[in-house]
Every structure is written in structure tokens, then in C-alpha cells.
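For the single chain, residues carry numbers from 1 onward in sequence order. Just so you know, these numbers come straight off a predicted model, no measurement behind them.
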Amino acid sequence: MNGCLRLLGREGGGVGALCQLYFDPDMERKNVAQKWLTQAQASAQAWQFCWALLSPDKLPEVQFFGASTLHTKISRHWNDLPTDQHESLRMQLLSHILRFSSGPKMVLTRLCVALASMALNLIPQAWSQPVADLVRAFQPQKPDSEGGSGTEVSQDPHAHCLALLELLTVLPEEFQSSRLIQARRTQLREALAGEWTVMCPMLRQLLQSQDSTNQVKEKVLRCLSSWVGLDVPLGESHELVQDCFTALSNPELFDTAVETIVSAISQPDCQRYIDALLNLTPLVLGLHDQLKTAAQDGDMETSHGICRIAVAMGETHSRVLLEQVDHWQEYLALVNMILFCTGIPGHYPVSETTSSLTLTFWYTLQDDILSFEEEKQEVYLQIYRPVYFQLVDVLLHKSHYPSQEEYDSWSSDDREQFRIYRVDISDTLMYVYEMLGAELLSNLYDRLGRQLMDPQQSAVWQDTEALLFGFQSIAETIDVNYSDVIPGLIALIPRVNISNVMLADTVMYTIGSLAEWLADHPVMLGGILPMVLQGLEKAELSVSSVSTLKRICRECRHDLDVLVKEIHKSSQCMWLMQALGFLLSALPVDEILGRLHSLIAPHVQQLDTLAQQEPNPTNKQSIIHVLGMLSSLFTTLDINTQADGLEGAASPRRTPSQTTHNPVVVVLQQVFTLIQSVLSKWLDDSEVVEAVCGVFDKSVRTLLHDFGPMVAQLTEMLGQIYSAFPQASALDLARQLVHIFAGEEHHIAKIKTLIEVLTSTTLTIFQQGPRDHPDIAESFMYLHAQILKRKPDLYLSDQLDMKALFYCGVLSLKFPETPTVKAASLFFTELLPRCKDMPSLGEVLQRDGKLLTETILQAVGGGSPRNLTEHFSDVLLSLNRHCPALLSQWMKETLQTPGFPSTQVSTEQKHTFIQQLVREQTNKRRVKDIVKEFSLLCRGLQGSGYSDF
């Protein structure tokens, strides 16, 4: 080994191994080279051979390996280096940083990180003034060749300045990422913060100098951002932060300046420096004209950046600035500036993305105002209540749908973002009600009345929709039963023309939000119900109208004679059967079975007749229709909720031990033979099988443990159905049975047998090629995720092939369909935590974990649609939580392949990705961002604007 190590500095051995690692297509030789180089990097001789790898005649990849080796030795093996060699190492590092100041960039950055790591080992005892020493070392008029290799050092002052700034930028970053004990971390933080008195004047000078290029100024801004993370006092740096505002007028520096200013003023510790904040506030206000111009010109980037600064100042320091009573006008101006950002022209998210940044500010400001003592609160309310009424107007305007033609041109992603944005607006309106109270509802009602009474105004449907949306937002969570405007609103609603689908949707949801009020005022039902039933006739309104009908049935079920009268007039009997389920649930228990029999008897008789006939398309649709009606009825018929709606009910909730079988179970047992008869003729028809499974699925979801008497019959029938003709619906029904009954000893044997049958049959499908069955793959993954969650002991069965199941999961991750990938990701996030406790699973993970890792990285790198990245990040996080060492090893081995997972990413970027990922074992959002960033890099989309979507 020692002989081999000496070769690392020559053109043979080590360089050859590096070339094999980076350029050889043969994976076996790559693996050998990787192992050999890792051993070399960990050896004592690495302190010497790394310098030879940094010689100018070497390839950049070789130089990068040399610099990385230096960082590894300094950060992990520092105690191996004798104290008397510290100074020479420092001088060598400085010399090489100066030499590489003109590039390659990846080598320079790695050397800077190595020197930063060294500084963290020496500060403060052995290196008391690191910043001053580094500034002196980088003076261009005094090039320092001490400790160098004799090669001439670059004399470019500009390059030296950039290299110094890079070094000073990575120093706090290396501190933040290093694993240190708390006492040492505190000591280092204080020592580094003490260096700010040297840093700050230098950065100011560079930022103000006319000789500084944009490149230098950008480095200064990034350097300040890095040091802000050390909690350097705003009192000592506010003048530098003020200088950053001048960079906002430079388009090349704008984005970086925004990030820096936001970082600087978002530190909670800034609140101790009130004078500094008051000095910065006029500078923020001074951006208002630039903001207005950007909004007028449709410059989304500029308006977005300025808004971030205003919100950071206003939200982070809301209470402190409110308390500065002598400066109340300045803070009010800042609040109005943020209000302008909230109402910025354009439709979110297509023509503006700024307004959403401001919503949490209004929560913060309201909370701070309402937290003052009553006398002080009154003063602030006089000032800010008018602002909040303006805010309501702005939010309602921003919630407007675009024209139908424009909305139709939006992508599905844009529509989904707009939907979420409206939910956020709805939450804000609900919160604002706490400050504005009943006056807000009166205001909305008056405006709605004027619109609906004026034909010209009511022609603009978006205005009406927005006002109803405002009502609904408040009524969903606030008790409006005592509001004197609700009777008027109920009377106005039938006047709304619901020919527009989006307006009609909002009308339905608004009615639903008032269901509790209608329960207290049943006389008003007659005017509202026809409108809801009219909505049932339109397929595009099915979701909102059914949801509303359910809510009305739930709240008003004792006053629904009017509904029963409407049933016979409507063709939407599926939805009305759900309403009848609610009605039956409200009856006394001893009456339910008789009523249920009389209700379904005609349909059961029809099904019996159909079952005896030979299959044909007409019969099929009739069978599916009857089964669908039974499913709809059983979705809502739940006698265990009957006491909830009976005011003053004396009888307690029933339990299975206190009574006979549930009426639904009695009916299902009676028709079970009939259903088997239907299946005997239609077993190969997926729609009929799905309809049959639907009857039992809806029943088990509603009845829960009361469904128990059916488990034995149903599991046997499901196994027979699936073995003869595999269907996703059978797997979904089995999942419900596992969810509810896997913990019950008297059912587990039947469920275990069913799982073994379903798994064996599905594995055969995977062996034959599952690509044509994404629905089966999805349902199979969800089934086994449920098993692992509810009853992992089932995995101890000899009948379940762990390796084959694991491989099915890997194959499912490769599907392009989002639901299948989501299900497979859930399967692995449930499986991985079990590997330590279940040896059979642990063995499979040891053997095939690398394949799983490679599959995910390939998908993230471009092998799968970009919208699936979030699901892959969940699996990577789970791997990192439960087998971090193995994940790190698998990622290094997999990503060392050149061009994998994409030719768009460099070796350094892969290395950074691995480092960032393995550090995160808890923060799901951070892991998602890391994986998303890497995916964009792999696809060549970083910085293209796609990263915002």
C-alpha cells in the first residue's frame, strides 16, 4: 500500500486511479479505483501526496481530489498533524489559494474550505486574528510565496480580491456545517463574531469603491450574508446593510442584494438595535417608487425582491416598530407599502408571484396589535382598522378568477397554485374577522345586495363570486349564527345566476358553510334546497353540490321533509341515496331495519332478475347502477352517529356487544349469495367487480368494527375474485380490512390467508411485466404499506417473499404515473423503519438497498417526471434516518459513475449533494429542497425560472 501511495504524486498509480474513477466506463474498475483512492485519502501519507496532485500540470479533476483530500485530512484527522507543522500547512494553503485564484473555481473553493476548516481548529488560541492575517496575506503588492512549491503565484489583484472574499465567505459556512460540541461552538461563534470589526470596514470599502467590479460587489454581498448567520450585531453592520441598498439599482446585483438585505434584517436579534432599524426603514420606504415602476412594467423579479425586503422588515420587527410611537407614520407607510404588494396588479401565479409573500405579515401585525393592553390597543385600532378594511377589498379583488377564456389557457399547475392561493386568502379573511367583527359581514352583505340588485353590476360574475367567497371564508370557521345579515344573505342567494360554473361552485360551498344556521332556521330550507338539487344535475358541480347536500343532511336531518319531497323530482338518485342514509341514521335504531328493507327491496329484486339473465351491455349498466345505489346508501348510513344529532338523547352510543348486528350487516348477509351469483357471470368484467367491491368498501369505511361479522365471508370471496381476475379494487378493499381488523385476533388468520393469496397472484403479474397495470401496482403498494403500518407481524410469514416484494417496490418507483410512485414511496417509508427489528427485511435492505438508491437517483436525475421529486425525497430521508452509513456509501458508489444520473452535473455538485443530504435526518422540507435543487441541476433547469414551480 505504501508503495502505491507514493505513486499518487506521479503520472502513474494515483492519477491513473483517478482517471479510472472519472472516465473509465467499466463499473468494476471504477469500484476498485474508488476503494483504493478512499483508502489512500485516509492514510497518513495523504498529508504529503495531496500537494503533488495540485500541481498545475494535473487535470482539474485530479486537482479537485487533492484539495478534497486536504479538507478531509484537516476536518477529520487534524490531531494526526504535529503542532510544529501547523504554520507551514497554513502558508502552503495560502500560497495555493493565491495560485488558483484565477481558477478552476471548484479547486479554489475546495482549498478555501480546507483553510476555513483549519482556521476553525486554530481559532482563537493558535490563531487570534484570522481575518486581519488573511487580508494581509492577500495584499496584491506583496505576493506571498512562502511555503509554496516554487511555482509562480498569480499576480492578478482582482483575482486575489475574489479569492479572499471566497475564503471569508466559506469560513462561517464551514463553521455552520461542522459538527462541534456546544461549548466549542459557542467559543468559535464568539471569536468569529469578534472578527466582524475587521471585516465590516473592508466590505464597506469594497462595496463603495468605484474600482470594484460587479463580480467583487456580488462577492461582498454573499460574504455579508454568510456572516449574518453568525448573529453579528446589526448595530455594528447597519451602515454596511444600508450600502447594500445602493446595489438594488444594479440589475446584475439585484437578486444577491435582496437575499443579503433580507438575511440581515430577518435576524431576530436585530430587534435589540432599534436605532439601526429606524435608520433602515426610510431606505425600505425609498424603494416604493422602484416597486411601483416594476409593477407597472410587469417586472415580476424586481417587485418580488422589493416585496421580500418590505415584508422582512415589517413582519420580523412588527411589534418593535409599532412601539416606536414617535415614528408611527413611517411604520404606517411601510404597512401601506406591503398593502400595495398584496394588491399588486396581475393574476397570481401567472402574471405576478409577489402578493402571496405578504399574507403572513397581516397575521403578525394583527396579533401584535391585539396583544397590547386595552387602552393602547384602541389607539392602534383607530389607525389600522381602516387599513384592514382596505386589505379585505384587496384580497377579494386578488381572489377574482380571470375570464373563462384566460382561465382555460392556464396550465393545471397554475390552476392548482391559484386554488391554494385562494385557500390562503380565505384563511386570512377568517383571521381578519377577529379584528373587524360584525362590521365586516355587514360591509360584504351591503356590497352583495347592491350588486345583485343592479343588472349592470351583477353581469360581472367575478365580483359576486368574490363577495360570496368572502362570506364562505368567514362562515366556515366563525360562528355566524347570531349575525343579523345571514337571513338577508340566504334570501339573496337564489337571485344569483349560477350559469357560470366557478360562481356556482362558490354558491354551493357558501350554502354549505351556513348549514348550521339553516338547522336553527329550517323554514329557510325550502328556498335553498332547489338550488342545491339543481346543482346535482350538472356533472361539473357534482363535488360542491354533493358536499353541500351532505352538510345540510347532517345538520338538518330532523327537518328534511322538504328533501324527501324533492327526491322524486331528481334524476341524481346516487347522491340522494346518500342523503337518505343520513336520514335513516337519525331514526330510532329499532325502526331502521324495517325502513331499510322497504327502501332497497325494489332494487334487490331488480338485481336478482338481472343476475339470472345472460350478460349483455344493457344488463351490465343496470347491475352497476343498482350496486352504485347500494354503495351510496351505505356510505352515510351509520347508526352509531344517530345519538349525536338528537338533542337531549337519553340512550348512549351503541356498541356491538350491546345489540344485534348492524342493519347494514344484516342486509349484506342477506344479499351476499345474490352478489356471488352476479359475480359468477361477470367475474371477468372489471367494472362490475369494481362495483361489487365498492358496496363492501363503502360499508366497511362507514361501519368500521361493526362490519366484523362479514370479514370471514368477504376475505374468502376476495381471494377467489383476485386469483381468477386480478383487480385493483379488490386490493383496495383488502387494504381497508387490514386497516380496521388486522389488530383483532379472531380475524387475523383469515386476513393473513387473504394477504398471502393476493401477494402471490400479484407477484406473478410483476414477473410477467407490470407496466400495463399501474393501478394494480399502486394498490398493491398501498396494501403492503398498510400491512407494515398496522400489522408488520404478517411479514414473518414464510409465504411472503421479502426480496420479491422489495423488488416490486423498486419497479413501482419507475412508473411515470404519480399515484403509483407515491404509493411505492409510502411502502418504502413504512418498510425502512422495520428493517432493524425484522432480520428478513434487514437482509433484503443490505442486499438491494443500493439498487433502491440508484433507482431513486436515476429518477431524480431526469428518469422520472419532475413533479415526482417530492416523493423520492421522502424515501431518501427515510433511508438517511434508518441506515445513514449505508445510504452514504451507496450514494458515493452510485454517483461516482460519470454521466450518472445526468451529464449536466459535475463531480463537485454530486459531492455537495451527498454532503447536504446525509446531514439532514429530520428536516423533511430541507431534504425536499436539496433533492429538488439537484434534480433541477441534472435537468439543466437551474436558474431557468422553472425552480419556482
Side-chain angles (χ1 to χ4, degrees), residues 74 78 83 85-101 108-109 111-148 153-176 178 184-209 211-212 216-217 219-241 243 264:
I74 293 170
W78 177 251
T83 306
Q85 294 183 27
H86 290 178
E87 184 60 23
S88 63
L89 175 62
R90 181 168 73 175
M91 300 312 295
Q92 279 182 293
L93 268 170
L94 283 167
S95 175
H96 279 76
I97 288 171
L98 287 166
R99 184 192 307 157
F100 281 96
S101 60
L108 171 64
T109 300
L111 287 169
C112 288
V113 172
L115 183 53
S117 184
M118 181 180 182
L120 295 180
N121 282 308
L122 296 175
I123 297 171
Q125 292 87 351
W127 197 355
S128 59
Q129 297 179 313
V131 172
D133 292 345
L134 290 172
V135 171
R136 277 194 298 273
F138 278 81
Q139 292 299 320
Q141 68 271 25
K142 297 179 182 179
D144 186 357
S145 59
E146 245 185 283
V153 173
S154 163
Q155 296 297 311
D156 181 357
H158 181 254
H160 284 199
C161 183
L162 290 172
L164 172 62
L165 289 169
E166 176 73 10
L167 178 54
L168 294 174
T169 300
V170 301
L171 181 57
E173 292 172 353
E174 182 69 6
F175 165 76
Q176 302 285 16
S178 296
R184 177 62 176 155
R185 180 171 292 279
T186 301
Q187 181 189 38
L188 272 177
R189 183 185 293 276
E190 291 174 356
L192 288 172
E195 294 292 292
W196 185 241
T197 54
V198 179
M199 283 277 298
C200 192
M202 180 191 72
L203 295 179
R204 283 203 74 193
Q205 183 181 352
L206 288 171
L207 198 57
Q208 291 176 344
S209 173
D211 296 331
S212 294
V216 168
K217 290 181 178 180
K219 274 289 181 190
V220 169
L221 293 167
R222 293 191 186 280
C223 189
L224 172 56
S225 275
S226 179
W227 280 76
V228 159
L230 296 176
D231 298 331
V232 294
L234 181 65
E236 296 177 15
S237 54
H238 71 276
E239 291 178 333
L240 175 56
V241 177
D243 293 340

Asker: Looking only at non-hydrogen atoms, find the nearest pair between A116 and L167 and report the distance.
Answerer: N-CD1, 4.3 Å
Asker: I'd like to check I74 versus L89 (side-chain heavy atoms, cut-off strictly below 4.5 Å). Are they in contact?
Answerer: yes
Asker: Under the side-chain hydrogen bond (donor to acceptor under 3.5 Å, both in side chains) test, which residues partner E166, sequence neighbours left out?
Answerer: T109, K219
Asker: Taking all non-hydrogen atoms of both residues, which atom of I123 and which atom of L188 are closest, and how far apart?
Answerer: O-CD2, 3.7 Å
Asker: side-chain contact (heavy atoms from CB on, under 4.5 Å), that's the test. Do R99 and H96 meet it? Break it down for me.
Answerer: CA-CA 5 Å; R99 184 192 307 157; H96 279 76; 3.4 Å; yes
Asker: Could you work out, with ring-ring contact (aromatic ring centres under 6.0 Å, His included) as the rule, every residue matching H86, not counting sequence neighbours?
Answerer: W78
Asker: What are the two closest heavy atoms between L108 and S101, and how far apart are they?
Answerer: CD2-O, 4.0 Å
Asker: Taking all non-hydrogen atoms of both residues, which atom of S212 and which atom of K217 are closest, and how far apart?
Answerer: O-CE, 3.8 Å
Asker: If I take atom OG from residue S128 and atom CD from residue E195, how far apart are they, to the nearest 0.5 angstrom?
Answerer: 8.0 Å
Asker: List the residues meeting side-chain hydrogen bond (donor to acceptor under 3.5 Å, both in side chains) with Q187, not counting sequence neighbours, and say none if there are none.
Answerer: R184
Asker: What pair of heavy atoms forms the shortest contact from S237 to W196, and how long is it?
Answerer: CB-NE1, 3.3 Å
Asker: For E87, what residues pass the side-chain hydrogen bond (donor to acceptor under 3.5 Å, both in side chains) criterion, not counting sequence neighbours?
Answerer: R90
Asker: For atom CD of Q129, is the number of surrounding heavy atoms from other residues, nucleotides or ligands below 6.0 Å larger than 12?
Answerer: no
Asker: Just to verify, what does E239 make a salt bridge (Lys or Arg N to Asp or Glu O under 4.0 Å) with, not counting sequence neighbours?
Answerer: R204
Asker: Are any non-hydrogen side-chain atoms of L192 and V131 less than 4.5 angstrom apart?
Answerer: no
Asker: Atom CG in L224, atom CG in L203: separation rounded to 0.5 Å?
Answerer: 7.0 Å
Asker: CZ of R136 to CG of L94: how many Å apart, nearest 0.5 Å?
Answerer: 11.5 Å
Asker: Using modelled atom types only, decide if a donor and an acceptor are shared between the side chain of S209 and the backbone of L206 within a distance under 3.5 Å.
Answerer: no
Asker: Find the distance between CD (Q208) and CG (D243) and round it off to the nearest 0.5 Å.
Answerer: 4.5 Å
Asker: Can you confirm whether R222 sits close enough to S226 that some side-chain heavy atom of one is under 4.5 Å from a side-chain heavy atom of the other?
Answerer: no
Asker: Atom CD in E174, atom SG in C112: separation rounded to 0.5 Å?
Answerer: 11.5 Å
Asker: Would you say S95's side chain and M91's backbone share a donor-acceptor pair under 3.5 angstrom?
Answerer: no
Asker: Among residues at least two apart in sequence or on other chains, which ones pass side-chain hydrogen bond (donor to acceptor under 3.5 Å, both in side chains) with W127?
Answerer: D133
Asker: What heavy-atom pair brings L98 and A137 nearest, and what distance separates the two atoms?
Answerer: CD1-O, 4.0 Å
Asker: Let's go through M202 and L164 carefully: what are the C-alpha distance in whole Å and the side-chain angles of both, what is the deciding distance for side-chain contact (heavy atoms from CB on, under 4.5 Å) to 0.1 Å, and is it a yes or a no?
Answerer: CA-CA 11 Å; M202 180 191 72; L164 172 62; 4.2 Å; yes
Asker: So do L171 and L120 actually touch side chain to side chain, heavy atoms under 4.5 Å?
Answerer: yes
Asker: Say you draw a straight line from CG of L230 to CD of E173; how long is it, rounded to the nearest 0.5 Å?
Answerer: 10.0 Å
Asker: Tell me whether the count of non-hydrogen atoms from other residues, nucleotides or ligands lying under 6.0 Å of CD in Q205 goes above 12.
Answerer: no
Asker: With heavy-atom distances below 4.5 Å as the criterion, would you say the side chains of L168 and F138 are in contact?
Answerer: no
